[in-house]
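These notes are about the structure you will find just below.
Treat the numbers as computed from the prediction; the structure is a model and nothing was measured. Here is the naming used below: chain letters follow the sequence lines, and residue numbers restart at 1 for every chain.
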Amino acid sequence: MFFVATLLLYLGSLVQKLPRSFYLRPTLQVAKKLLGKHLVRIHHGKKLVGKIVEVEAYGRDDPASHSFRGKTKRNEVMFGRAGHLYVYFTYGMHFCANVVTGPEGKGEAVLIRAVEPIEGVEAMIKNRLQVSGGAGVKRGLRISPRLLSPLSPALTNGPAKLCQAFAIGKEENGADLLGDEIFIVAGDKLPASMIGRSSRIGIRNGVDKQWRFFVRGNKWVSR
DNA sequence: TGGACGATCCCCT
DNA sequence: GGGGATCGTCCAT
């Protein structure tokens, strides 16, 4: 039964995965095109799906980017092949997930800041409530259950929140988005009028750049 | 080898 | 709106 379910999930994923060429394009273009796409995570035989509703682009010669000071052990995935996941650890307790974009060696990526839950909501809630053990979960982090009803935006309306909900942690750093555990598929087609734009959140340098994109009026967008 | 800090989140006022 | 939690990474000694 488990095997059959896994096989069906695998077969379903073959057809619609975004190709490598999607991620090889200029970073700002990829960022905008990612809005409305579906992030899929296969975890413990369950399928979790979220519609991407908020992203931020991080480029070369960008003082806000981890890649600004060159390649290090921490950010090496950013300099690797497009279409891989760059997951970093921050504030001593949170993970954030990025999609590597553009030509290899450039060090560009798109941070996924928020998703709207589409499928597997109960598993997402479970992952968010878990206090110890498991990817993306650190001891001592407590979330009040009342915040996490199935339709609560608090479930996935931030980069660290969605990583927790989707069980994305340091183990997933470097994962290939053309693989079978985490990938992105075509979702909703969004008219340009639905896309909002602003400066990026939580950074000191590079605030002049309007490199945050979001789906207007969507309640899972952060802030 | 140490210290400052961070692409955040949650709770409290 | 403000502060505390908490730790890996990086750079300056």
Minimum heavy-atom separation for A:E108 to A:R60, with atom names? OE2-N, 2.9 Å
How close or far is atom C1' of B:dA4 from atom CZ of A:R204, stated in whole angstroms? 12 Å
Ignoring backbone atoms, establish whether A:R113 has a side-chain N or O less than 4.0 Å from OP1 or OP2 of B:dT8. yes
Taking the side chain of A:T90 as heavy atoms from C-beta outward, which of B:dC9, B:dG6, C:dC11 is closest to it? B:dG6
Kindly indicate, with the supporting measurements, whether the criterion salt bridge (charged side-chain N to carboxylate O under 4.0 Å, His left out) is fulfilled by A:E76 and A:K71. CA-CA 6 Å; A:E76 63 182 355; A:K71 187 171 163 180; 5.4 Å; no
Value in whole Å for how far the P atom of B:dA7 lies from OH of A:Y58: 7 Å
Flag for A:H84-A:Y23: side-chain donor and acceptor within less than 3.5 Å: no
Toward the 5' end of DNA chain B, by each residue's nearest nucleotide, A:I203 or A:A154: A:I203
With rounding to whole Å, what would you report as the distance between C:dG1 and B:dA7 at their P atoms? 22 Å
To the nearest Å, how far apart are A:F95 CZ and B:dC9 C1'? 15 Å
Presence of A:R128 side-chain N/O under 4.0 Å of B:dC10 phosphate oxygens OP1/OP2: yes
Does the structure show A:Y88 stacking with B:dA7, if we require the centres to be closer than 5.5 Å and the planes to be within less than 30 degrees of parallel? no
Side chain of A:M93 - closest among C:dT6, B:dG6, B:dC9: C:dT6
If I take atom CD in residue A:E108 and atom C1' in nucleotide B:dA7, what distance separates them, rounded to the nearest angstrom? 15 Å
Rounded distance in Å - CE (A:M78) to P (B:dA7): 11 Å
Candidates C:dC11, B:dA7, C:dC10 - which lies nearest the side chain of A:R69: C:dC11
Between the side chains of A:Q164 and A:R128, is a donor N or O closer than 3.5 angstrom to an acceptor N or O? yes
Could you check which nucleotide pairs with B:dT8 in any of the strands shown, counting Watson-Crick or G-U wobble with both distances under 3.5 Å? C:dA5
Are A:H43 and A:F166 an aromatic pair by the rule of ring centers under 6.0 Å? no
Take the protein atom CG of A:N205 and the nucleotide atom P of B:dA7, then report the distance between them rounded to whole Å. 10 Å
Give the nucleotide from the list B:dT8, B:dA7, B:dC10 with an atom nearest to the side chain of A:K161. B:dC10
Here the distance between atom C1' of B:dA7 and atom CZ of A:R74, to the nearest Å, is 9 Å
Does the side chain of A:K73 get closer than 4.0 angstrom to OP1 or OP2 of C:dG8 through an N or O atom? no
Check whether more than 12 heavy atoms from other residues, nucleotides or ligands sit under 6.0 Å from atom CZ of A:R25, and answer yes or no. yes
May I ask you to evaluate whether A:H66 reaches the phosphate of B:dA7, defined as a side-chain N or O under 4.0 Å from OP1 or OP2? yes
Considering every strand and a 4.0 Å limit on heavy-atom distances, what is the contact class for A:R200: base, sugar-phosphate, or nothing? nothing
Nearest-Å distance, CD1 (A:I201) to C1' (B:dG6)? 16 Å
